[in-house]
Amino acid sequence: MSTIRILLATTLLALLCACASAPYAQRTSERQAAYAAAAGAPVRNFRFFTLYSWEPLSDRQVVIYTRGNEAWLLDLGGGCPEISFVNTIGLTSNLNQVMVGFDKVLTGRNNFPCTISQIRPVDVKSLKATQLQQRQIRSEPRAADKPATAQ
């Protein structure tokens, strides 16, 4: 009897996890599309003094903010599976320059560094305008001929 309960509980848990992951996957793909639309043409390098913030978009892409209004979309060659799970990251640089193919994203002492295969500047103003439009709520007044019913 207990094995049936365990099997039933495991199946129920798997179904709940599958239902919960659909909105997360949709939000992640929307974030990737928004950053890709706001990203410019690839560049060879960018100046880097401090890591303001960062956001993993997938195991192959991460957004690096060097200031509040300056961001860079980094494509990671070969993937970086641990980037979604770490609390902090680091960037290698040479003379305050992060370069394609040379510098790496560091995710921890025991993890392999992730090589940067492409760098694209992000138009942060355009990105924020797009995000603001996505958050707009369309409201419509109720029809006057149909009274609201209280339940």
Side-chain angles (χ1 to χ4, degrees), residues 5-143 148:
R5 285 184 180 173
I6 292 172
L7 183 62
L8 183 63
T10 305
T11 305
L12 182 62
L13 182 63
L15 288 172
L16 286 173
C17 289
C19 292
S21 66
Y24 175 75
Q26 182 181 3
R27 283 193 313 267
T28 301
S29 65
E30 287 174 358
R31 300 278 301 162
Q32 287 174 334
Y35 275 105
V43 296
R44 293 275 312 138
N45 57 22
F46 68 92
R47 295 192 58 76
F48 173 71
F49 293 105
T50 184
L51 183 62
Y52 183 79
S53 70
W54 63 284
E55 179 182 356
L57 298 177
S58 71
D59 64 342
R60 295 190 179 272
Q61 282 188 328
V62 63
V63 177
I64 303 293
Y65 282 85
T66 53
R67 286 187 234 147
N69 60 352
E70 184 178 78
W72 305 91
L73 180 61
L74 307 181
D75 291 345
L76 307 173
C80 196
E82 59 275 343
I83 195 130
S84 297
F85 305 106
V86 295
N87 294 325
T88 60
I89 64 167
L91 284 177
T92 62
S93 64
N94 186 19
L95 299 172
N96 297 324
Q97 294 283 323
V98 175
M99 299 176 67
V100 171
F102 183 74
D103 288 305
K104 297 169 180 35
V105 176
L106 307 172
T107 57
R109 181 178 294 163
N110 298 326
N111 299 330
F112 288 106
C114 309
T115 304
I116 299 169
S117 61
Q118 187 179 54
I119 300 171
R120 294 187 288 166
V122 176
D123 182 4
V124 178
K125 287 182 182 180
S126 169
L127 177 70
K128 287 184 180 182
T130 302
Q131 290 172 342
L132 186 62
Q133 281 181 339
Q134 289 174 347
R135 283 187 246 147
Q136 292 291 327
I137 298 173
R138 290 184 297 164
S139 62
E140 296 178 7
R142 283 189 192 186

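Index from 1, following the sequence. Heavy atoms only: backbone and side chains are in, while hydrogens, waters and symmetry mates are out.
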Quick check for you: to the nearest 0.5 Å, what is the distance between [X] atom [atom1] and [Y] atom [atom2]?
X: Thr92; Y: Met99; atom1: OG1; atom2: CE; answer: 11.0 Å
X: Phe49; Y: Asn96; atom1: CZ; atom2: CG; answer: 4.5 Å
X: Asn69; Y: Asp123; atom1: CG; atom2: CG; answer: 10.5 Å

Are any of the side-chain heavy atoms of [X] and [Y] separated by less than 4.5 Å?
X: Leu74; Y: Phe46; answer: yes
X: Glu82; Y: Ser84; answer: no
X: Arg120; Y: Pro42; answer: yes
X: Ile64; Y: Ile89; answer: yes
X: Ser117; Y: Arg60; answer: no
X: Asn45; Y: Phe102; answer: no

If you look at every heavy atom in [X] and [Y], which pair is closest and at what distance?
X: Gly68; Y: Lys128; value: O-NZ, 4.1 Å
X: Trp54; Y: Pro56; value: CZ3-CD, 3.5 Å
X: Val98; Y: Ser93; value: CG2-CB, 4.0 Å
X: Ala39; Y: Leu73; value: CB-CD2, 4.0 Å
X: Leu127; Y: Ala38; value: CB-CB, 4.0 Å

Q) Among side-chain atoms of Gln61 and Tyr35, is any donor-acceptor pair under 3.5 angstrom? A) no
Q) Can you tell me if CZ on Arg67 sees more than 12 non-hydrogen neighbours from other groups inside 6.0 Å? A) no
Q.
Donor-acceptor pair, distance only, cut-off 3.5 Å: does the side chain of Gln32 make one with the backbone of Leu57?
A. yes
(Q) I'd like to know if the side chain of Thr107 and the backbone of Ile83 have a donor-acceptor N/O pair within less than 3.5 Å. (A)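 Not a single qualifying donor-acceptor pair exists.
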Q: List the steps, then state whether side-chain contact (heavy atoms from CB on, under 4.5 Å) holds for Asn111 with Val86.
A: CA-CA 10 Å; Asn111 299 330; Val86 295; 4.3 Å; yes
Q.
Test side-chain contact (heavy atoms from CB on, under 4.5 Å) on Leu91 and Asp103; report intermediate values, then the result.
A. CA-CA 7 Å; Leu91 284 177; Asp103 288 305; over 6 Å; no
